[in-house]
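Inspection log for the structure reproduced underneath, given as structure tokens.
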Number of protein chains: 2
Amino acid sequence: MQLRRHDVLAGAITILDEYGLADLTMRRLASSLGVQPGALYWHFPNKQTLLAAITDEILTEAATPPTLMPPTPMPSTPMPHSSTADNAAWDVALAALARRMRDALLSHRDGAEVASASYAARLASDAPQEALAAACIDGGMPPHEAGMAARALFSYILGQTMDEQSRMQMDSHGALEESASPLFESPTAGEGFEFGLGLFIGGVRALPTARDLQLP
Amino acid sequence: MQLRRHDVLAGAITILDEYGLADLTMRRLASSLGVQPGALYWHFPNKQTLLAAITDEILTEAATPPTLMPPTPMPSTPMPHSSTADNAAWDVALAALARRMRDALLSHRDGAEVASASYAARLASDAPQEALAAACIDGGMPPHEAGMAARALFSYILGQTMDEQSRMQMDSHGALEESASPLFESPTAGEGFEFGLGLFIGGVRALPTARDLQLP
DNA sequence: ACCTGAACACCGTTCAAGT
DNA sequence: ACCTGAACACCGTTCAAGT
């Protein structure tokens, strides 16, 4: 049976989920696929690129909602409120997108760390940021600002989720802590993310006002 | 001449600035200090801890402003507006703190990446987040929310700065790009950071209002 | 086209033994 | 207390040669 690019990717994700990023080595991946290490380099030029492919696999689906198959168009029933071109619930859509990305990262061990490394190496797809930017544009933001807002929100999603995930790993791996100054009370799972997301969206909502004011 | 912990740290930062994180190996650091690799392990238990010490060195100073030596107390001149206990310019202070942290990270090659790794490993000091939280409390936020806001803002600072820094490195290392979809127009240096910071602070400012509304 | 065999040039970490 | 010498157990990557 010949090895296909997709098999390498799937094998890598399996090792990631089961043993974590530290144990995801090219040699270990090769032996789990019953192949010599060098064989992997026919399918991927290097490890960084393989990690970026994992990142895309994890996030790209979250960035493109299932297109919500219009539930078999019932031509007789007129949709209420569906005629306005401008999406009134842009904030709901933006928040939903952000949560989908967080969930996708959390659904794989060390997912946020892998993604962070891939984006730092500038090898992963910009689809997630573009999806966020599109939601901002739906909210009436000019494209340039939407791009910046999307990048800012995505930075937050990656960083915050990485933080949560490393906290999880520390907790499961024999937690002791609650030491000296635990930065006040640690928020429960997801509370911190939701709070930061709320701040961000509140900031976007306040933007038209802020433009007249003086930003600090 | 005996090696001291501080010398190891200084040597590591020198290699980081000159050659980058990829070239900062324990063996290379040892030979630059004229010592065997094993010697480093008397001063630091492992490489991760050394990297965390670098992170603290880079960020702790930025988190604790120079205390603004009260310019030789002139007891005769009464300070105008200085009697209010509540800091009215909390947003200015918060933004200034965030900028100091960004600047500190940018002042060392791969600084944001080193910090990101250290915080992911949960080995770096929480002083930066605590400083941000204190500024939020000065703005009237309850401690629990201030902690969450500080974590969120710090995640943003780390992520966005890492993004900028990796972009810089790509630009200097033979930039081609401006390819297919450059996520609209790339912001000029610092513009992206300021915009996201403005969103975040706008969100904090809008918090009391938002608490009555329904967050999405 | 896809993979093996085998090497190259490294890593981080440990630890007895020295001074 | 601080470091050497030397090893252990790995890495990612390359590349002629095979099929």
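Owing to the predicted nature of the structure, the values given are computational and were not obtained by experimental measurement. Labels below follow one simple rule: chain letters A, B, ... track the order of the sequence lines, proteins then strands, and each chain is numbered from 1.
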**Item:** Check ion pair Arg99(A)-Asp103(A) (N to O, under 4.0 angstrom)
**Value:**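 No salt bridge links Arg99(A) with Asp103(A).
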Atom-pair distance ([atom1] on [X]; [atom2] on [N]), nearest Å:
| X | N | atom1 | atom2 | value |
| --- | --- | --- | --- | --- |
| Leu40(B) | dC2(D) | CG | C1' | 12 Å |
| Met26(A) | dT14(D) | CE | C1' | 12 Å |
| Arg27(B) | dT14(C) | CZ | P | 13 Å |
| Phe44(A) | dT13(D) | CZ | P | 13 Å |
| Arg5(B) | dA1(D) | CZ | C1' | 16 Å |
| Leu21(B) | dG12(C) | CG | P | 11 Å |
| Gln2(B) | dT4(D) | CD | P | 11 Å |
| Leu3(B) | dT19(C) | CG | P | 20 Å |

Between [options], which one does the side chain of [X] approach most closely?
| X | options | value |
| --- | --- | --- |
| Trp42(A) | dG12(D), dC11(C), dA1(C) | dA1(C) |
| Asn46(B) | dT4(D), dT13(C), dT4(C) | dT13(C) |
| Lys47(B) | dG12(C), dT4(D), dC11(D) | dG12(C) |
| Ala39(B) | dC3(C), dC11(D), dC3(D) | dC3(D) |

**Request:** Applying side-chain contact (heavy atoms from CB on, under 4.5 Å), run through Ser125(B) and Glu57(B) and close with a yes or a no.
**Result:** CA-CA 10 Å; Ser125(B) 159; Glu57(B) 181 86 0; over 6 Å; no
**Request:** Could you tell me which nucleotide pairs with dC8(D) by Watson-Crick or G-U wobble geometry, both distances under 3.5 Å, or answer none if nothing does?
**Result:**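 Pairing partner, where one exists within any strand: dG12(C).
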**Watson-Crick or G-U wobble mate for dA1(C), both contacts under 3.5 Å** =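 Answer to the pairing question: dT19(D), which forms a Watson-Crick or G-U pair with dA1(C).
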**Asked** Phosphate oxygens OP1/OP2 of dA1(C): is one of them under 4.0 Å from a side-chain N or O of His43(A)?
**Response**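 So the side-chain polar atoms of His43(A) never come under 4.0 Å of the phosphate oxygens OP1 or OP2 of dA1(C).
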**Message:** OP1 or OP2 of dC3(C) versus the side-chain N and O atoms of Gln36(A): is any pair under 4.0 Å?
**Reply:**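 It does not, given that no N or O in the side chain of Gln36(A) lies less than 4.0 Å from OP1 or OP2 of dC3(C).
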**Request:** Using the ring-ring contact (aromatic ring centres under 6.0 Å, His included) rule, collect all pairs that involve residues 120-155 of chain A, keeping only residues at least two apart or in two chains.
**Result:**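 For residues 120-155 of chain A: Tyr119(A)-Phe154(A).
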**Asked** Would you say the side-chain atoms of Arg102(B) and Thr161(B) include a donor-acceptor pair closer than 3.5 Å?
**Response**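 There is no such pair between these side chains.
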**Prompt:** Cationic tip of Arg28(A) within the cone over Tyr19(A)'s six-membered ring, i.e. under 6.0 Å and within 45° of the normal?
**Reply:**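 Verdict for Tyr19(A): a cation-pi partner in Arg28(A).
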**Prompt:** dC10(C) and dA9(D): how far apart are their C1' atoms, nearest whole angstrom?
**Reply:**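 Roughly 13 Å separates the two C1' atoms.
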